[in-house]
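Please read the structure below before turning to the comments.
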Amino acid sequence: MVGLGDRHLLGTQGLSSEEITLILDTAESMVEIGQREIKKVPTLRGKTVVNFFYEPSTRTRSSFEIAEKRLSADIVNFSAHGSSVSKGETLLDTARTLEAMEPNFIVIRHGASGAARFLADRCRASIINAGDGMHEHPTQALLDAFTMRRHKKKLAGLNVAIVGDITHSRVARSNAYLLVTMGARVTFCGPPTMIPPHVECLGARVERSMEKAIEGVDVIMMLRIQWERQSRLALPSLREYTRLYGLNRRRLDLAHPDALIMHPGPINRGVEIADDVADDPRSVILEQVANGVAIRMAVLYLLARNWDAHEAA
Ligand code: CP
């Protein structure tokens with residue numbers, strides 16, 4: 001039986017196409033649970049999940065919590081603000097404290113790249129990376145792929161343009177690893193100051209002109225500028241950014257007529273995406289949010305299977 005090869009989900013880098021397909025297929029069954037009158041199954045009964053968010057989140061945090069509740073887990077929510085982290089406790093001491101309570105899963109979002117790996121190396125619990133610095137946001141890429149596959153019926157051969165602040169985006173990185181593994185063609189586009197050096201090693205090509213980047217593409221994924229990860233704007237002005245890299249109606253017309261408009265959120269209307277484009281019928285931004293619950297249920301379910309196998313060994 002195909003399973004996830006690891007007890008943790010730290011990134012999409014290294015996930016095989018079989019593992020990705022298994023998660024997406026499992027998420028399809030989870031959608032069905034979400035359509036029932038009573039949206040609850042006993043899969044994680046008796047298991048404890050700690051949701052530990054050092055950075056703000058609306059979508060990821062709430063959809064993990066809904067997913068966990070639908071699977072009947074016991075849940076503990078921490079945020080840096082309001083926990084002893086704000087009194088200076090280190091990540092290592094926090095990890096040891098959490099371990100002492102013997103959770104089965106720790107879902108962590110942290111500003112430092114590598115924080116999820118740090119916990120995975122020190123904790124018995126399964127670690128799920130809910131976004132670590134500029135590194136990875138694997139469940140976001142999985143829900144993005146799930147959304148694309150539901151609309152386009154495939155991932156192999158899709159042309160996907162990812163536009164914006166690539167340098168600081170964990171979403172861009174996780175999407176590139178996943179989509180390239182699944183046989184899609186990924187083009188990054190953004191100001192030269194927001195494209196990291198050697199980005200081609202992710203398997204994506206770089207296009208400086210937004211018009212050329214989105215010509216004929218099947219999917220346009222817009223990214224917000226990650227203000228929190230840079231000390232100053234690496235651009236002459238925000239107006240210039242919107243003029244060169246904002247998705248507006250004129251540019252949208254260059255893409256495939258059925259192109260999907262995607263954004264991981266939160267969106268900055270009038271900056272990277274025009275108001276009317278965000279609300280266009282081809283926009284699947286809210287579907288991405290809804291699909292996040294099914295993907296996170298699938299990941300928890302598959303990792304719980306690994307946990308049980310690990311404990312039985
Ligand atoms: N896409 C995403 O991670 O959104 P949140 O920051 O609201 O969780």
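Just follow the structure's listing: the first ligand is 1, and inside any ligand the first atom is 1.
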Less than 3.5 Å between some nitrogen or oxygen of Arg61 and one of ligand 1, yes or no? no
Taking only heavy atoms of [X] into account, list the atoms of ligand 1 that are under 4.0 Å away from them.
{"X": "Thr58", "answer": "5 (P), 7 (O), 8 (O)"}
{"X": "Gly265", "answer": "1 (N), 2 (C), 4 (O)"}
{"X": "Gln140", "answer": "1 (N), 2 (C)"}

Residue from Glu65, Glu68, Arg61 passing side chain to side chain donor-acceptor pair (under 3.5 Å) with Asn51: Glu68
Compare all side-chain heavy atoms of [X] with those of [Y] and state whether any distance is below 4.5 angstrom.
{"X": "Ile108", "Y": "Asp132", "result": "no"}
{"X": "Met30", "Y": "Arg296", "result": "no"}
{"X": "Arg173", "Y": "Met134", "result": "yes"}

Any atom of ligand 1 sitting under 4.0 Å from a heavy atom of Arg109? yes
contact_flag Gly131 ligand 1 heavy-atom lt 4.0 Å: no
Checking Asn268 now: which residues fulfil side chain to side chain donor-acceptor pair (under 3.5 Å) with it, not counting sequence neighbours? none
How close does the nearest protein non-hydrogen atom get to [atom], and which residue and atom is it?
{"atom": "atom 4 (O) of ligand 1", "result": "Arg59 NE, 3.1 Å"}
{"atom": "atom 2 (C) of ligand 1", "result": "Thr60 OG1, 3.5 Å"}
{"atom": "atom 1 (N) of ligand 1", "result": "Pro264 O, 2.8 Å"}

Measure from atom 8 (O) of ligand 1 to every heavy atom in Pro56, Ser57, Pro266 and give the option owning the shortest one. Ser57
Single-linkage hydrophobic cluster, 4.5 Å side-chain cutoff, Ile195 and Ile162 together: yes
Would you please name every residue forming a salt bridge (Lys or Arg N to Asp or Glu O under 4.0 Å) with Asp279, sequence neighbours left out? Arg269
